Amino acid sequence: MCGIAALFSQKEKRCLKAIVPMTRVVAHRGPDGEGYAFFPDFESGTAKETPSLIALGHRRLSILDLSSAGNQPMANEEGKIWITYNGEIYNYLEIRRELEAEGVCFTTKTDTEVLLKAYDHYGIDFLHKLNGMFSFVLVDLKRKKAYACRDRFGVKPLYYYVTSEGLLAFASEIKQFHSLPGWKANLNHQRAFDFLSFALFDHTGETLFNGVHQVRGGHFAEISLSEGSRLEIRRWYRLPHEPLHISYEDAKQRCFEILQDAVRIRLRSDVEVGACLSGGIDSSAIVCLAAKLLKEVGPLRPKTFSARSVDPLLDEYPFMGAVEKEAGSEGFYVTPDEDGLLREFDKLLWHQDEPFGTSSVFAQWKLFSKVKDEKVKVMLDGQGADEQLGGYFEFYGIFLRQLASEGKLLQLMQEIQRARAVNPSLNPIKSLIKNFIPAKLKNQLYYAMNKPSLKAPWIDFKRLHCELVNPLDPRAKRSFRSYAEEMLLSANLPMLLHYEDRNSMAHSVESRTPFLDYRFVEFIINLPPAFLIRGGLTKAILRDAMGGVVPKKILERKDKIAFATDEKRWLGGRHKGLFMKAIKESVFETRLFNASLIPKAERILEGKERFSFLPFRVIAFSQWLKANRLSV
């Protein structure tokens, strides 16, 4: 787990010097070492070809092979293939054994060398062999190509930017581009609208910085070194659409086996591995499986880290305690508060690179701070489970509508009856009606009901030039699978992974996500929806697969909290004056908001209008503008 940077130029070599400050500004991502490689020229082959000038930078967080043999940028024996790499390849041992069987030799115990040798042996298609999280820039001087690659689901970040002078830059974090000659930050108005109106970002290849793009999950950039560093983005991975026809019992067993193996290979490390524990089924399953696997190799006691709340309605300690007792883990806790948020807000914002919509990001920040204090370098976390297993309540209405549209009326009625008995707080009839409105009528109702929010009267559209459209088009008639794909690939998970990567790496901690093992995702996404939603309960297949492993108290939970903070009390409490002052400054300093925002925010903070995260989102956005000196 590291920080990377790469530069490709057709002009003067001196511009490559920017690689040093670009790399050092993310020293938090890799405090264990730094390295650089420069290629002022290479054999161009013919007089017509224009060789690129290349610089690679790397900050190292030592996880595998802690010796200097793991330093980067790393080259093959010939010095013709180079890589700067961020991430972990969890199945690197299996790939290594496969290569050794074909006569390939290794000199280190790193997964980095496995990447180099696998590319050299198989070509760029070797990406399909990788089970891991990664972003890397690989330079092939023999073939006069370079590749900037990102893992299937975008767990590890990778951005690129082209300067006005044609300098092509890649980086782990956007702040690294600030070191480039001639860098000028400008606001991307369309993405700003998406964030302010819909609390959404990272749903496209663009960022809130105009001109800064990301290589999307499952994509790579191919750079031709003989054609002026010409850049072409290609997609290398798509979720397979192969519906599974198996029994529920077989599916339950397979779910357990894949998830257990996903946890097993994510325990591979030369440093201590801990786990995040929220008290929900996702993190609890990971903790209990990890504890089970660790007991098989020795008397190892995992450490778990949790965020608590002073509000008993938000505090999940009773559930956390049940998991700790079952797993025999040692628990560590943080209790985020509004004073800490105010004190560390600027630092948190700097590390996140882009504004965040709720204070729950701060809870995660404090948790990883505690992880660092306890000198744990690697953590397991439950990100990605909700999006594929139907963990959000929106999935329930979609499921009911799909049953009705497929004519499965008996199953629909049985599901409604069971749901009412199991979870009285659910209103299945209302959910069904909401999701079964004909598409044409739904279009009309949506625009009639949401026209004010699309126009957002508190935004000054004379200054913010954009199209007034919902980026995710809620009018679409979704199936259960299509909604899961949207949540996984654009609507939700990319933001959560962004938060987690920045929060963990700010504290020099590597976070691993077993639920995003591609084998697990491909299995779950192709199961019948009725395996995931049963009797008003979400994640049915996971609950049943974890029977006897996770405490029954957890498996029977019907509520959902997950790193929530008491933001309503924080904003409307003793610091309300400070928050309102920040809102007023947002109006008068950014000039992107109308004065009507002030009374609206006051009503929300005073409880006179339904609570929303709007005030916090506006404050975070405005402070981000100011901190980055963005031109509007």
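Numbering of residues begins at 1 and proceeds along the displayed sequence. Atom set for the values below is all heavy atoms of this structure, side chains included, hydrogens, waters and symmetry mates excluded. Note that the structure is a prediction, hence the values are computed from the model and not measured.
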We want to know whether Ser309 and Asp311 form a side-chain donor-acceptor pair, criterion being a heavy-atom distance below 3.5 angstrom.
no
What residue among Leu497, Leu496, Asp501 forms side chain to side chain contact (heavy atoms under 4.5 Å, CB included) with Tyr499?
Leu496
Assign the ring pair Phe395 / Phe480 to parallel, tilted or perpendicular, where the plane angle (0 to 90°) is split at 30° and 60°.
tilted
Mutual orientation of the aromatic rings belonging to Phe209 and Trp624 [parallel < 30°, tilted 30-60°, perpendicular > 60°]:
perpendicular
Mind checking whether Tyr160 and His213 have parallel, tilted or perpendicular rings, split at 30° and 60°?
parallel
We want to know whether Thr108 and Glu113 form a side-chain donor-acceptor pair, criterion being a heavy-atom distance below 3.5 angstrom.
yes
If the plane angle is over 60° it's perpendicular, under 30° parallel, otherwise tilted; pick one for His575 and Phe579.
perpendicular
Parallel, tilted or perpendicular, judged at 30° and 60°: which one describes the rings of His28 and Trp350?
perpendicular
Under 3.5 Å, is there a donor on one side chain and an acceptor on the other for Arg481 and Asn526?
yes
With distance as the sole criterion, is a donor-acceptor pair present between the side chains of Ser359 and Glu567 under 3.5 Å?
yes
Using a 6.0 Å distance limit plus a 45 degree cone around the ring axis, check whether Arg150 lies over the aromatic ring of Phe220.
no
Residue from Val273, Ile63, Val509, Val371 passing side chain to side chain contact (heavy atoms under 4.5 Å, CB included) with Lys377
Ile63
Just checking, Lys553 and Phe319: is the charged tip under 6.0 Å from the six-membered ring centre and within 45° of the axis?
yes
Please check: side-chain N/O of Arg534 versus main-chain N/O of Ala540, any donor-acceptor pairing under 3.5 Å?
no
Any luck finding a side-chain donor-acceptor pair between Asn503 and Gln352 under 3.5 Å?
yes
Is the number of heavy atoms from other residues, nucleotides or ligands under 6.0 Å of Lys109 NZ greater than 12?
no
May I ask you to check whether over 12 heavy atoms, not counting those of Arg610, lie within 6.0 Å of atom CZ?
no
Aromatic rings Phe153 and Tyr237: how do their planes relate, parallel, tilted or perpendicular, breaks at 30° and 60°?
perpendicular
Give a yes-or-no answer on whether the side chains of Asp353 and Tyr159 include a donor-acceptor pair shorter than 3.5 Å.
no
Does one side chain, of Tyr392 or Glu387, offer a donor that lies under 3.5 Å from an acceptor on the other?
yes
